[in-house]
Amino acid sequence: MLQDFSNRLDCLGTETAFLVSKDASEFASKGNKIYPFHLGDININTPFNIIEKSEIAMKEGKTGYVPSEGIPTLRDAIADKISNERAVKLTRDNVIVQPGGKPVILKFIHCLMNPGDEVLYPNPGYPIYESQIEYNEGIAVPYSYNSHNDGFSIDQIQLERSVNTKTKILIYNNYQNPMGSESSKEEMKWIANFAIKNNLWVLSDEAYFNIQYSGTPRSIISLPGMVDRTVILYTFSKTYAMTGWRLGAAIGPKSIMKHFSKLSVNDESCTNHFIQYGGIEALQGNQEGAKSILNKLRSRRDILASKLKKINGLNLFVPNSTFYLFPEITEIYNRMSATSYEDFRRQTLLNTGVAFCTREHFGRVLKNETKKYIRFAYSGINIDQIEEGIDQLSNFWSKL
Ligand code: PLP
């Protein structure tokens, strides 16, 4: 008989949004209509100029291995973009190209965390943080958010209480998945000072930095004392609708980038060669495609938010960034007499075809939580489906 799988696997989580997909597909296979608000994928094509540049590169034979750090021209292009947008001075030595944004999380943890080290991470938050910390034998210490009429703010008291001599890393996701929340200037300053005071490394997950419907985004790396302790998770996935291309980068101090590079050699060898030429075009070529993606998302957000706001028992803050809405639905949950988040989600799906994630899909639910939340992603659903789906939802919930 073969021996058992590793014990570590028991600590590995997943993106449970994919489990909602499975449920939704099963429901659809029985001839039912589905309204997909659950996955953070984008049903908008990658801008054609990006596709074209990658295709040319492929036809020109740019199909072999490249340095694990990425091709120099793309590293330069990323360094320029980040330097200009975040008002810092970076060069290609601060950039390691990656197959997407997600690998930056694992590699950052591998570079810094020893078993038993504590990592502060947002909860609700992107579920891969918790999964990777625990899989790699660290202690995942969640910090949460307070809700206000005009959004969410980081629970600073809880953060202060959670830090100790074993804390080494703070994961910070401004323009946040799933809540769409963003830090005020004061909050970001507070987080930077907190990291400096406690001598923490910071992973700044900036996956949604360029999904802004108005105003100018801010990065924690721009604040005094942060450039030497921060690694940015950068990705092409959202801004340029390139989720399936797998192109991103780790951006940070040279001292840590050399270890990222070594991890890349050991892991994927290099990021896909010809796709990196598409990345250069995305950053330096015509920006009409990216603008059009943003305009489409904005229209979807506005329609979805205006329809959701009319639903009795639902409280909504409308974020200026990301492509998520995170309404509070406690009253509806109670009216349904739902026995769990899963019960609430499934009953709604089976009665309306509307698929969404719940708070439970974004890190373990904390003991003191009393309010219930769900997440709508509007990146993978067209306006007519949004309208139809929310009408179904509203109808069902109003009868409870
Ligand atoms: N970080 C956050 C907060 C995300 O929401 C996502 C994807 O949904 C990622 C990182 C990973 O991005 P990528 O698709 O580039 O790996």
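Ligands are counted one by one from 1 in listed order, and the atoms in each one are counted from 1 as well. Since this is a predicted model, take the numbers as computed values, not measurements.
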Is it true that Tyr208 lies under 4.0 Å from ligand 1, counting heavy atoms only?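 Flag set, Tyr208 near ligand 1.
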Test item, Asn173 contacting ligand 1 (heavy atom, 4.0 angstrom):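 Per 4.0 Å heavy-atom rule, Asn173 contacts ligand 1.
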Aromatic Phe344 / basic Lys372 pairing, under 6.0 angstrom, 45° off normal: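 Judged by the rule, Lys372 and Phe344 form no cation-pi pair.
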Looking at [atom], what's its closest protein heavy atom, distance included?
atom                    : result
atom 16 (O) of ligand 1 : Arg246 NH2, 2.7 Å
atom 11 (C) of ligand 1 : Tyr126 OH, 3.5 Å
atom 2 (C) of ligand 1  : Asp205 OD2, 3.4 Å
atom 8 (O) of ligand 1  : Lys238 NZ, 2.7 Å

Please determine if Asn177 has a nitrogen or oxygen closer than 3.5 Å to a nitrogen or oxygen of ligand 1.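 The answer is yes, given that Asn177 and ligand 1 share an N or O pair closer than 3.5 Å.
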When you compare ligand 1 with Tyr129, is there at least one nitrogen or oxygen pair between them that comes in under 3.5 angstrom?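 There is no such contact.
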Taking only heavy atoms of [X], which atoms of ligand 1 are found under 4.0 Å from at least one of them?
X      : result
Lys102 : 11 (C), 13 (P), 16 (O)
Ser237 : 13 (P), 14 (O), 15 (O)
Ala207 : 1 (N), 2 (C)
Gly101 : 13 (P), 15 (O), 16 (O)

Do [X] and [Y] get their side chains close enough for a donor-acceptor pair, meaning under 3.5 Å?
X      : Y      : value
Glu69  : Ser264 : no
Asn210 : Glu85  : yes
Glu206 : Ser204 : yes

Is Gln176 touching ligand 1 with its side chain, its backbone, both, or neither, if touching means heavy atoms under 4.0 Å apart?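 It is neither; nothing of Gln176 touches ligand 1.
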Which word best sums up how the rings of Tyr143 and Tyr145 line up, parallel for under 30°, tilted for 30 to 60°, or perpendicular for over 60°?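 Ring orientation of Tyr143 relative to Tyr145: tilted.
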Relative to each other, are the rings of Phe260 and Phe108 parallel, tilted or perpendicular (30° and 60° limits)?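 Rings of Phe260 and Phe108: tilted, as their planes differ by 30° to 60°.
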Do other residues, nucleotides or ligands put more than 12 heavy atoms under 6.0 Å from the CG atom of Asp384?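 Yes, the 6.0 Å shell around CG holds more than 12 heavy atoms from other groups.
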Just wondering, are more than 12 heavy atoms of other shown residues or ligands nearer than 6.0 Å to NZ in Lys307?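 Counting neighbours around NZ of Lys307, more than 12 heavy atoms of other residues, nucleotides or ligands fall under 6.0 Å, so yes.
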Less than 4.5 Å apart, any side-chain heavy atom of Met188 and any of Tyr172?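 Met188 reaches Tyr172 side chain to side chain.
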